[in-house]
> 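Just dropping this structure here.
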Amino acid sequence: MDGGTLPGADADDDASDRSRVVFHVDMDCFYASCERLRDADLRGEPVVVGMGYEAGETIGAVATASYEARAFGVESAMPISEALDRLPRRVDADPEDPDVPDPDGTGRYLPVDMEFYEAVAGDVKAVLRDCADVLREVSVDEAYLDVTDRTAWDAVGGDDPASSSAAGPSDVRTLAEGYARHVKERIEREAGVPASVGVAPNMSAAKVASDADKPDGLVVVPPGSVEAFLAPLPTAALHGVGPVTERALAERGIETAGDVADADPDALAEELGDRGRELVRRARGEDDREVTPRGLPKSLSRESSLPRTADEERKRETVSALAADVARRARERGCLYRTIGIKAVRPPFDVNTRAHSLPGPVDDPDLVESVALELLSEFDDEAVRKLGVRVSNLDFADSDQATLGGFEGVDGGGGGGDDEGNGTDGDDGGNDGNGGGKEGDGRRLTDWVGGKPAGDPGPGCDGPGSDCDGSGVGHDRGDDADSGGGDGQASLRDWSEGGRRG
DNA sequence: TCTGGGGTCCTAGGACCC
DNA sequence: TCTGGGGTCCTAGGACCC
């Protein structure tokens, strides 16, 4: 342990000599960089990668735009149709024809190919894992590294004119900067894609630093200079400040991170809740969150847009397909779920969610579908533009039980990637309370539907003080009325046919 | 700018229990 | 009887992130 937060020790580690060294590695327009990796013709060209986009179409949204494309005003999350207005497709260009765009003002449009990007990300990850003891992967193109044990904040020898200093608030070169440069170069060399790196004594400052000089940036913020580094930045540069919070802050005359640092935490908490207090701490350079590996997912979902429709059959078909997909992914990952929910977005953008929790965790695609459809029925007469299905309250069965179900264990390969050890320091912080009742885990629906498994009080009977009497699953919530002697299915039917008055 | 898809965390209110 | 506090679980919505 680093002992950094012993009782009595000041949590403000910003100026202490025990300062951690945290890197935030952020790949530059990652999808576009990946495409360039396999097609050299795209280098130097404006490249737009669209999700939900297919060649020749105008639907979908911009997932990533290269910096060349951004120069034309193309931005992330922009509808493809609008991007095309600003930057026409190259294939539509013809230098001979005055009626079509000039090639110089056009770009290359490609659909997202997640599988390929994940393969490239695997190469990046391999470098990062090799360079850090503790690694938190935030997304396919972003990660935090705690490299305190690999490097230090010590300044390196004198003023060597031969070496240029990284962009940053300090002119003093440090070992940490040299190490960050090494990591950055290894990524470029071994994975073939560029990255920006932020170096700071804590996560939130490192995150802001990596953003400060994109692309191909390296920004170092040594201990003691975090607050000064952040101060001039607009509030929106702080991680966790989106449009809504930015507006709320502006109304109080808070425009910069420096203003946030000067604000009264309690006053801000009145407006923003605990987030307000946290924001002030971050802006002051205080952030003692440990870099921890990402835990297991908390929910799985799929959603898709559709042309505005009120057609019941169309909606049901969509939800059935989404439900099947979510259930399949859950099974692939060896995870049980206890809550099934839907999302229905009504035009113009009215987001509605509905959810139903089961008495215990299941792996049951049919049930996902039937519950989702039942929840959907509330919107039978409504026009929607997007539908989604989600499972949550996840329960990752131990591997032996996952195999028991006849499928392979946790997929390890593609997305998850929680597989690499970190073993001993266990307690990934995640595994949220909720009790879950470890002994009940992994039991499959069939174990208790239609009767409780012998000798087991059943999932859900675990909390301290629970008056669990072993009477089986009927024991769950208030709807015990006559939910039929402990049959999960029966109680579901009760809920869906009769009880849904609520 | 009428907005794609996958997530996380937080909050608030209600039901229920002791 | 109309009143208390504390705790948990559930649902719904919102903000934010990439």
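Quick note on labels: first sequence line is chain A, next is B, and so on, each numbered from 1.
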> Please pick, from C:dA15, C:dC10, B:dG4, the nucleotide with the shortest atom-to-atom distance to any side-chain atom of A:A61.
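The listed nucleotide nearest to A:A61's side chain is B:dG4.
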> In whole Å, I'd like the distance from the CZ atom of A:R136 to the C1' atom of B:dG7.
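Going from CZ in A:R136 over to C1' in B:dG7 covers 12 Å.
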> Quickly work out the A:R329 CZ to B:dG5 P distance and round it to whole Å.
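My rounded result for the distance is 13 Å.
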> Whole angstrom is fine here: how far is it from NE2 in A:H356 over to P in B:dA15?
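Answer to the nearest Å: 17 Å.
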> Hydrogens and angles aside, do A:S196 and A:D28 bring a side-chain donor and acceptor to less than 3.5 Å of each other?
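There is such a pair between these side chains.
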> Let's test this: given Watson-Crick or G-U wobble pairing with both distances under 3.5 Å, identify the partner of B:dC18.
C:dG5
> Is A:R338 near enough to C:dC10 that one of its side-chain N or O atoms lies under 4.0 angstrom from OP1 or OP2?
yes
> Quickly work out the A:F349 CZ to B:dG5 P distance and round it to whole Å.
10 Å
> Of all the nucleotides listed (C:dG13, B:dC9, C:dC18), which has the minimum atom distance to the side chain of A:D141?
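Among the listed nucleotides, the one closest to the side chain of A:D141 is C:dC18.
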> From the list C:dC10, B:dG4, B:dG6, which nucleotide is the closest neighbour of the side chain of A:S305?
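The closest nucleotide is B:dG4.
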> Which is true for A:V241 with a 4.0 Å heavy-atom rule: it touches a base, it touches only sugar-phosphate, or it touches nothing?
sugar-phosphate
> Would you indicate, yes or no, if B:dG6 has its OP1 or OP2 atom less than 4.0 angstrom from a side-chain nitrogen or oxygen of A:R302?
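True: A:R302 side-chain N/O within range (under 4.0 Å) of B:dG6 OP1/OP2.
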> Indicate whether OP1 or OP2 belonging to B:dG6 is found under 4.0 Å from a side-chain N or O atom of A:S301.
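No, outside the criterion.
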> With a cut-off of less than 4.0 Å, is there a side-chain N or O of A:S357 near OP1 or OP2 of C:dT11?
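Checking C:dT11 against A:S357, a side-chain N or O does come within under 4.0 Å of OP1 or OP2.
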> Identify which nucleotide among C:dG13, B:dG4, C:dC18 has an atom closest to any side-chain atom of A:R354, counting heavy atoms from C-beta outward.
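Out of C:dG13, B:dG4, C:dC18, the nucleotide with an atom closest to A:R354's side chain is C:dG13.
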> Please give, in whole Å, the distance from B:dG7 C1' to A:E137 CD?
15 Å
> Regarding A:K315 and A:E382, does a basic nitrogen lie under 4.0 Å from an acidic carboxylate oxygen?
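The answer is no: the pair does not qualify as a salt bridge.
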> Measure from the side chain of A:S299, starting at C-beta and using heavy atoms only, and say which of B:dT8, B:dG5, C:dC10 lies closest.
B:dT8
> Between A:R136 and A:D146 (salt bridge meaning N to carboxylate O under 4.0 Å), is one present in this structure?
no
> Under 4.0 Å, counting only non-hydrogen atoms across every strand here, what does A:G240 touch: a base, just sugar-phosphate, or nothing?
sugar-phosphate
> What nucleic acid atoms does A:M51 come within less than 4.0 Å of, heavy atoms only: base, sugar-phosphate, or nothing?
base
> Looking at every strand, decide which applies to A:G52 at a 4.0 Å heavy-atom threshold: base, sugar-phosphate, or nothing.
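Here A:G52 touches no strand at all.
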> Listed in order of residue number, which residues of residues 264-278 of chain A have a non-hydrogen atom at under 4.0 Å from DNA chain C?
none
> Nearest-nucleotide wise, let me know which of A:P79 and A:E303 is further upstream toward the 5' end of DNA chain B.
A:P79
> Of the listed nucleotides (B:dG6, B:dT1, B:dG4), which one gets closest to any side-chain atom of A:E82?
B:dT1
> Should the pair A:R294-A:E137 be classified as a salt bridge under the 4.0 Å nitrogen-to-oxygen rule?
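Salt bridge between A:R294 and A:E137, a charged N being under 4.0 Å from a carboxylate O: no.
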> Give a yes or no on whether a salt bridge exists between A:R36 and A:E68, defined as a side-chain N under 4.0 angstrom from a carboxylate O.
yes
> Measure CG/A:L279 against P/B:dC9 and give the value in whole Å, please.
18 Å
> With C1' as the reference atom in both, quote the distance from C:dC16 to B:dT3 in angstrom, rounded to an integer.
15 Å
> Roughly how many Å is it from CZ in A:R385 to P in B:dC2, rounded to a whole number?
12 Å
> Is there a donor in the side chain of A:T353 and an acceptor in the side chain of A:R390, or the other way round, less than 3.5 Å apart?
no
> With a 4.0 Å cut-off on N to O distance, would you call A:D287 and A:K207 a salt bridge?
no
> Could you tell me whether A:S76 contacts a base, only the sugar-phosphate backbone, or nothing, with contacts defined as non-hydrogen atoms closer than 4.0 Å?
nothing
> So does A:E188 pair up with A:K184, basic N to acidic O under 4.0 Å?
no
> Starting the side chain at C-beta, find the nucleotide from B:dG5, B:dG7, C:dC16 nearest to A:K386.
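That would be B:dG5.
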> For the side chain of A:K298, counting heavy atoms from C-beta on, which of B:dT8, B:dG5, C:dT11 is nearest?
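Shortest atom-to-atom distance from the side chain points to B:dT8.
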> Closest to the A:T353 side chain: B:dG4, B:dT8, C:dA12?
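The answer is C:dA12, which lies nearest to the side chain.
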> Which one, B:dG4, C:dA15, B:dT8, comes nearest to the side chain of A:T245?
C:dA15
> Can you tell me, in whole Å, how much space there is between the C1' of C:dC17 and that of B:dG4?
14 Å
> Just to be sure I understand the rule, does A:A63 reach a base, reach only the sugar-phosphate, or reach nothing, if contact means heavy atoms closer than 4.0 Å?
nothing
> Less than 4.0 Å between a side-chain N and a carboxylate O, is that true for A:E286 and A:R282?
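Looking at A:E286 together with A:R282, the answer is no, because their closest N to O distance does not fall below 4.0 Å.
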> A:D325 has an atom CG; how far is it from atom C1' of B:dG5, in whole Å?
12 Å
> Reckon A:P347 touches a base, only the sugar-phosphate, or nothing at all at heavy-atom distances under 4.0 Å?
nothing
> Just say parallel, tilted or perpendicular for the rings of A:Y31 and A:Y117, cut-offs at 30° and 60°.
parallel
> Any base atoms under 4.0 Å from A:K343, or only sugar-phosphate, or nothing? Heavy atoms, all strands.
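No contact at all - A:K343 keeps every heavy atom at 4.0 Å or more from the nucleic acid.
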